[in-house]
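Quick notes on the structure that follows.
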Amino acid sequence: MPAVLSETDFLIIGAGVAGLRAAIELAPAGRVLVLAKREVTDSSTQYAQGGIAAALSDEDEISLHLQDTLAAGDGLCNPDAAKVLVEEAPQCIEELISWGTQFDRDGTKLTFGREGAHSRNRILHAHGDSTGREILRALFAKAKTLKEISVREFEFSIDLVVESGRVCAVQVIDEHGQHRTIHASAVLLATGGMGQLYANTTNPSVATGDGVAMAYRAGAELTDLEFIQFHPTALYLKKAPRFLISEALRGEGAHLRNMEMTRFMPKYHPMGELAPRDVVARAIMHELERSRAKDPVVYLDLTDLDAGHIQKRFPRIYSTCMQYNIDITTELIPIRPAAHYAMGGVRTDLHGHATVKGLYAAGEAAGTGVHGANRLASNSLLEGLVFGTRAGKKMRDELKAPANSVKDTPPAAAYSNGPVPLPVETTITQIQELMWKQAGIVRTGSGLKQAITSLEELDAQLSHAHNRREFEARNLRTNGLLVARSALAREESRGAHYRTDFPDHNDTKFLKHSVVAGDKISFS
Ligand SMILES: Cc1cc2nc3c(=O)[nH]c(=O)nc-3n(C[C@H](O)[C@H](O)[C@H](O)COP(=O)(O)OP(=O)(O)OC[C@H]3O[C@@H](n4cnc5c(N)ncnc54)[C@H](O)[C@@H]3O)c2cc1C
């Protein structure tokens, strides 16, 4: 089938917080096309519960937000990026409010929640625990008022097209399996995270790290891929998705208990349940391993907290757990950790430039170094806003002549979006189980080597992808391999990356960011 050609000035892959925010910034400069591979509401942004951090309360200071961000990053934050994040936060939030975002208030005053590793109450939330949904609603509504912006759903990006060292187009398939090449002056990857690499994840099904794998194939550098954050508390029930049980509940005073009903966190960290996420996740894994139960869990206990307040403050968590017959105000919630957030991604500067011309990245798909080795809770919606705005500004300033000489670019294969063959689902499950076991919360050199060997062997099966799911499987395999190789190269433990064979920091060798460039991994 011949490729259908189309063109735009700016092409944004991803309609979450980063993509939509960038689109709004770009609209005054030309036509902006935003692609989402499913509905716009199917993104991590839509699922974000707890909130968005900004030093806006009377007791807070930008310098304290910076200090907390740097401390969570365990020595590895890019201080310039972290400074940009916290300094530009208040203005970005005020802009969101002016576009209609309804954050929760007490009378007219904004209310601020507290989350792990924050030294102040600085988390804005909306409708209790539906912050991401509200931000996405407001951004999408704003984007719809701008005639230059078009948003296309169910349009799956396969690969970037590079000509003379510059990204000039993207190959996509639409929901009817139609093959298309879209030419643009500049392309922004805002494809979100890669939580679907793991058997247990809080991430939606779209989070297969497509943008990172596409950038890699186009020759762009990637960074910090070994740093995957595991959320300590996801609902653990057979046949139920790993629904996130927000950290904000622990901020309100909920406790973790093991199967003997003992509160265990104070034994692991002086901050108890409010210790950094990686510490809590590892403590839970340790408790699970020492339990003799066949299918062990730990529990989150809110039963001492005020029931009315919990229902009002966390309506979504309350109603979701009720669907599974758990009344969180009177019963314990069974939980386990789950893959949650990718600190690394496509290596960019502070304006979203990737290392290939014409290519930009923002949001969870990007690696600015802002989160270092571990992200501070509620800093990622903010990252999408701040760096989405910045990338949009830069693309606008650097606009080349509009893409008016559209050439046909032959498709790499005959693509279709047809029914999903069973083997691809088996392969994806295989990758997810392998990554969970060998490249998950607790890692070893030998486990990582096994993961790499197994993933390398999958290459032949995945090299002839034809439909969306097969392309996702190919991207998962690429990302899995690069995460495992980066984790093997980092012979130390830091932030979210923990190796039992190298349990300490090694600042002399590894107080640096990992950089993947083709087959090479270096530290700089
Ligand atoms: C359950 C959950 C709770 C969270 N809670 C919080 C919180 O309280 N506070 C906080 O700060 N952060 C939170 N996070 C993290 C935060 O939500 C994400 O990091 C952030 O929303 C990412 O935004 P994004 O714009 O980069 O990507 P997303 O919002 O994930 O958007 C990605 C977009 O890319 C599109 N896409 C992907 N691949 C392709 C492709 N091949 N072709 C076309 N389109 C594609 C998708 O369709 C989607 O539109 C949470 C995450 C989860 C999963």
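Rounded to the nearest 0.5 angstrom, Cys92 SG and Arg21 CZ are separated by 6.0 Å. The CD1 atom of Ile335 sits 11.0 Å away from atom CG of Leu249, with the distance rounded to the nearest 0.5 Å. Glu364 contributes atom CD, which lies 5.5 Å from atom OG of Ser44 (distance to the nearest 0.5 angstrom). The OG atom of Ser454 lies 10.5 Å from the CD1 atom of Ile431; values are rounded to the nearest 0.5 Å. Atoms CE and CD1, on Met194 and Ile228 in that order, are 5.5 Å from each other to the nearest 0.5 Å. Taken to the nearest 0.5 Å, the CG atom of Leu66 stands 9.0 Å off from the CG atom of Leu85.
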Practice problem: Apply salt bridge (charged side-chain N to carboxylate O under 4.0 Å, His left out) to the pair Arg347 and Glu221, showing each step before the final yes or no. | Solution: CA-CA 6 Å; Arg347 191 178 187 205; Glu221 289 179 0; 2.7 Å; yes

Practice problem: Verify side-chain hydrogen bond (donor to acceptor under 3.5 Å, both in side chains) between Thr208 and Lys37, making sure each step is shown before the conclusion. | Solution: CA-CA 11 Å; Thr208 48; Lys37 70 172 162 177; 2.8 Å; yes

Quiz prompt | Worked verdict on His351 versus Tyr360 for side-chain hydrogen bond (donor to acceptor under 3.5 Å, both in side chains) | solution = CA-CA 8 Å; His351 303 282; Tyr360 299 75; over 6 Å; no

Quiz item: When you look at Arg277 and Phe230, which way does the side-chain contact (heavy atoms from CB on, under 4.5 Å) test go after all the steps?
Solution: CA-CA 7 Å; Arg277 284 184 176 171; Phe230 292 85; over 6 Å; no

Exercise. Check the pair Leu399 / Phe10 against side-chain contact (heavy atoms from CB on, under 4.5 Å), numbers first and verdict last.
Key: CA-CA 9 Å; Leu399 175 64; Phe10 305 105; 3.5 Å; yes

Exercise. Check the pair Glu155 / Ile182 against side-chain contact (heavy atoms from CB on, under 4.5 Å), numbers first and verdict last.
Key: CA-CA 11 Å; Glu155 198 116 340; Ile182 305 172; 4.1 Å; yes

Quiz item: Checking side-chain hydrogen bond (donor to acceptor under 3.5 Å, both in side chains) for the pair Asn479/Arg474: CA distance, chi angles, key distance, verdict?
Solution: CA-CA 9 Å; Asn479 292 332; Arg474 184 178 67 153; over 6 Å; no

Quiz prompt | Residue pair Val32, Asp9: steps toward the side-chain contact (heavy atoms from CB on, under 4.5 Å) verdict | solution = CA-CA 6 Å; Val32 187; Asp9 295 312; over 6 Å; no

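A 4.5 Å side-chain heavy-atom check between Ile123 and Ile52 finds every atom pair outside the cut-off. Residues Glu88 and Ile93 are not in side-chain contact: their nearest non-hydrogen atoms beyond the backbone lie 4.5 Å or more apart. Using a 4.5 Å cut-off on side-chain heavy atoms (C-beta onward), Asn78 and Leu350 make contact. Contact of the Tyr47 side chain with the Asn203 side chain is not registered, since no non-hydrogen atoms from C-beta on lie closer than 4.5 Å. Side chains of Arg468 and Ile158 form no contact here, defined as non-hydrogen atoms less than 4.5 Å apart. With contacts defined as side-chain heavy-atom distances shorter than 4.5 Å, the pair Asp210/Phe156 qualifies. Contact annotation: the side chain of His65 approaches that of Arg122 to within less than 4.5 Å [non-hydrogen atoms, C-beta and beyond]. Residues His353 and Glu398 are in side-chain contact: their nearest non-hydrogen atoms beyond the backbone lie under 4.5 Å apart.
Annotation: cation-pi geometry satisfied between Arg336 and Tyr236 (NZ/CZ under 6.0 angstrom from ring centroid, within 45° of ring axis).
For Thr202, the side chain to side chain donor-acceptor pair (under 3.5 Å) criterion is met by His340, not counting sequence neighbours. Evaluation of the side chain to side chain donor-acceptor pair (under 3.5 Å) rule for Ser119 yields Asp68 as partners, not counting sequence neighbours. When the side chain to side chain donor-acceptor pair (under 3.5 Å) test is applied to Asp507, the partners found at least two apart in sequence or on another chain are Arg494. Annotation: ring-ring contact (aromatic ring centres under 6.0 Å, His included) contacts of Tyr498 (sequence neighbours excluded): none. For the side chain to side chain contact (heavy atoms under 4.5 Å, CB included) test, residues two or more places apart in sequence or in another chain that qualify with Ser43 are Thr45, Gln46, Leu136.
The two residues Pro90 and Ile62 make their nearest non-hydrogen contact at CG-CD1, 4.3 Å. Among all heavy-atom pairs drawn from Val346 and Ala361, the shortest one is CB-CB, 3.9 Å. Closest non-hydrogen pair, Ala218 versus Leu160, comes out as CB-CD1, 3.8 Å. Residues Ala487 and Arg499 share a closest heavy-atom pair of O-NH1, 3.1 Å. Residues Gly352 and Ala391 share a closest heavy-atom pair of CA-CB, 4.3 Å. Of all the heavy atoms in Leu222 and Ala215, the pair that sits closest is CD2-CB, 4.4 Å.
Side chain of Thr223 to backbone of Gly344: no donor-acceptor contact under 3.5 angstrom is found. Looking at Thr201, its side chain does come within 3.5 Å of a backbone N or O of Ala339 through a donor-acceptor pair. Listed for the Ser378 side chain is a donor-acceptor partner under 3.5 Å among the backbone atoms of Gly51. With hydrogens and angles ignored, the 3.5 Å screen pairs no side-chain donor or acceptor of Thr444 with any backbone N or O of Thr500. Within the 3.5 Å criterion, the main-chain N or O of Arg120 finds no donor-acceptor partner in the side chain of His118. In this structure a side-chain-to-backbone donor-acceptor pair under 3.5 Å is present from His513 to Leu76.
In His505, the NE2 atom is crowded: over 12 heavy atoms of neighbouring residues, nucleotides or ligands sit closer than 6.0 Å. More than 12 non-hydrogen atoms from other residues, nucleotides or ligands lie less than 6.0 angstrom from CD of Glu491. In this structure, Lys267 places its NZ atom where more than 12 heavy-atom neighbours from other residues, nucleotides or ligands lie under 6.0 Å away.
Donor-acceptor pairing under 3.5 Å is recorded for the side chains of Asn374 and Gln229.
Classified by interplanar angle (parallel below 30°, tilted 30° to 60°, perpendicular above 60°), the ring pair His286/Tyr268 is perpendicular.
Screening Phe227, Tyr341, Phe387 for a ring pair (Phe, Tyr, Trp, His ring centres under 6.0 Å) involving His371 leaves a single residue, Tyr341. Among Arg443, His497, Arg490, Arg485, the one residue that satisfies the side chain to side chain donor-acceptor pair (under 3.5 Å) test with Glu226 is Arg490.
Ionic pairing of Arg396 and Glu25 is present here: one or more N-O contacts between side-chain nitrogen and carboxylate oxygen are shorter than 4.0 angstrom. Ion pairing between a basic and an acidic side chain is recognised when a charged N comes within 4.0 Å of a carboxylate O; Glu289 and Arg282 show no such pairing.
Screening residues 430-442 for side-chain hydrogen bond (donor to acceptor under 3.5 Å, both in side chains), with sequence neighbours left out, gives Gln196-Gln432, Gln438-Gln450.
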